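Note sheet for the following structure.
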Amino acid sequence: MSSLSQMRKIGSVPIFLLLAACATPPEKTAGVERMYVINCGENHVKDVSRWTPGVNVGKPHVFSNHCYLIKHAQGWMLWDTGNADRIAAMPSGLTNPQGTITAFMRKPLVESLKEIGVAPGDIKHFAMSHAHGDHSGNANLFTAATLYVQSDEYAAMFGAEPQKYGFIPANFEKLRSNPAMILRGDYDVFGDGTVTIKAAPGHTPGHQVLVVRLPKTGPVMLSGDMVHLLYSWNFRVAPSFNFDVAQSMATIDAMKAYAQKTGAQLWINHDMEQNAKIPKAPSSVQ
Ligand SMILES: [Zn+2]
C-alpha cells in the first residue's frame, strides 16, 4: 500500500519529476528502441453508421483491433490489451446481447507476447486508452506493472456504476491493487520525452492517447478510440454513443493541432485499411 500511496503522491506533484529530469542529463542511448503492433482481434459490426452517423447506413464493417508493445531502455510498456484471450476458443466469436457486434480473437495476446519473448510479468509499464472491453480484455494479466490512468477513467472504472460507461468491471478487477499513476492530464512516462500519454477525453471520461517517438519513423500517436476510422479523423466525426460528443470534438481538434505542430502520424487502432500498411508482430517498427 505504501508504494501505491507514494506513486499517487508523485502523480499529483509532477513538478518533482520535472526537476529530477533537469538535474539528470538525458542518456545518450535511444529511449524507445522499437514497437510491436500486435493483432488483438477483430470486431465485426452489422451497421457501421453507428460510428459514421448518416454515412454507410446499414453496411457491415470489420474493425481491426491492436495492442502495442514498446521496448524502451527502461523496460517494456504495453498500450491496450485487445479482445479477451478466452474469445480465441470461440470459432464463431462472441456476440453482444444486442446482436450488433461480434468479437473475434485469432491469437491470444499471451501467445503473441511469447513469440516476441515477453511474458506478462515482464511488462513494467501499462496503460490503456480507455477501459472498454475491446481494450481491457486482457488487463488482468498485467498486475505486476505500474498502471497509468487518468483520474476520471479510474473513478469510472472503480466507482459505483462502471456499467454506465459501457465497462465490464470483471475485465480489469485485478488492476485495483496495481501500483498506479493516477493522472490529471499529459504525462511523460519515462521522463525523456519519448513516450507521452496525452489526455484525450470524450469517448470515455478519461480517455487518453499515446505518443511514441520511434527512432526511425518519428512520432506516432496511437489513437485508442479518439477516432475509430480515418474517415472520422478526416471529417471530424464522433459517434453519438460517446460519453461526451462535444468533448470528443474538442479532443480531435486539440490532437490535430498537436499532430500538425509535432509532425506526429496518427495510427488508428480500429482502422483495418490503415493498419494493412503497418508491419505486425512478431516484426517490429522502429
Ligand atoms: Zn475500441
Side-chain angles (χ1 to χ4, degrees), residues 37-53 60-69 78-87 93-98 100-106 109 112 126-140 142 149-150 152-153 156-157 162-172 175 197-210 220-233 237-245 247-248 251-252 255 266-275 278 280:
V37 181
I38 303 172
N39 184 323
C40 272
E42 278 173 15
N43 295 302
H44 296 214
V45 306
K46 284 200 170 151
D47 183 354
V48 73
S49 69
R50 244 188 117 217
W51 289 265
T52 57
H61 189 79
V62 178
F63 288 101
S64 59
N65 198 10
H66 295 91
C67 306
Y68 301 83
L69 179 69
L78 184 70
W79 172 255
D80 280 341
T81 72
N83 289 344
D85 278 1
R86 64 189 173 83
I87 297 173
L94 178 66
T95 302
N96 65 346
Q98 300 80 7
T100 52
I101 307 173
T102 301
F104 292 88
M105 191 65 170
R106 308 294 183 193
L109 173 58
S112 296
F126 170 46
M128 299 185 290
S129 55
H130 63 299
H132 282 156
D134 54 323
H135 301 258
S136 65
N138 298 299
N140 284 334
F142 304 100
V149 58
Q150 298 293 325
D152 287 343
E153 195 78 357
M157 288 164 72
Q163 295 85 353
K164 192 178 113 182
Y165 305 95
F167 299 160
I168 305 163
N171 275 343
F172 47 74
L175 300 184
I197 290 171
K198 290 190 72 60
H203 182 64
T204 59
H207 184 280
Q208 52 191 10
V209 299
L210 192 71
V220 169
M221 180 186 283
L222 305 178
S223 67
D225 285 4
M226 172 183 61
V227 291
H228 294 80
L229 296 164
L230 192 54
Y231 171 89
S232 330
W233 177 248
V237 169
S240 59
F241 61 81
N242 273 9
F243 171 71
D244 186 328
V245 172
Q247 198 179 40
S248 304
T251 285
I252 291 175
M255 294 306 140
L266 180 69
W267 287 12
I268 303 173
N269 189 327
H270 292 315
D271 190 305
M272 183 81 101
E273 208 178 334
Q274 190 198 45
N275 275 285
I278 298 170
K280 300 297 173 327

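Here the structure is a predicted model, which is why all the values come from computation and not from measurement. Ligands are counted one by one from 1 in listed order, and the atoms in each one are counted from 1 as well.
When distances to the Zn ion (ligand 1) are checked against a cut-off of 2.8 Å, H135 contributes an N, O or S atom below that limit. H270 lies close to the Zn ion (ligand 1), since one of its N, O or S atoms is found at a distance under 2.8 Å.
Screening N269, I101, T81, N65 for a side-chain contact (heavy atoms from CB on, under 4.5 Å) involving D134 leaves a single residue, N65. When the options H61, H135, H203, H44 are evaluated for a ring pair (Phe, Tyr, Trp, His ring centres under 6.0 Å) with H270, the one that passes is H135.
The atom of D225 that is an N, O or S and sits closest to the Zn ion (ligand 1) is OD2. Among the heteroatoms counted here (N, O or S) of D134, OD2 is the one nearest to the Zn ion (ligand 1).
Inter-residue side-chain proximity for Q163 and P169 is flagged as met; some heavy-atom pair is nearer than 4.5 Å.
Side chain to side chain, D152 and Q150 fail the donor-acceptor criterion of an N or O pair below 3.5 Å.
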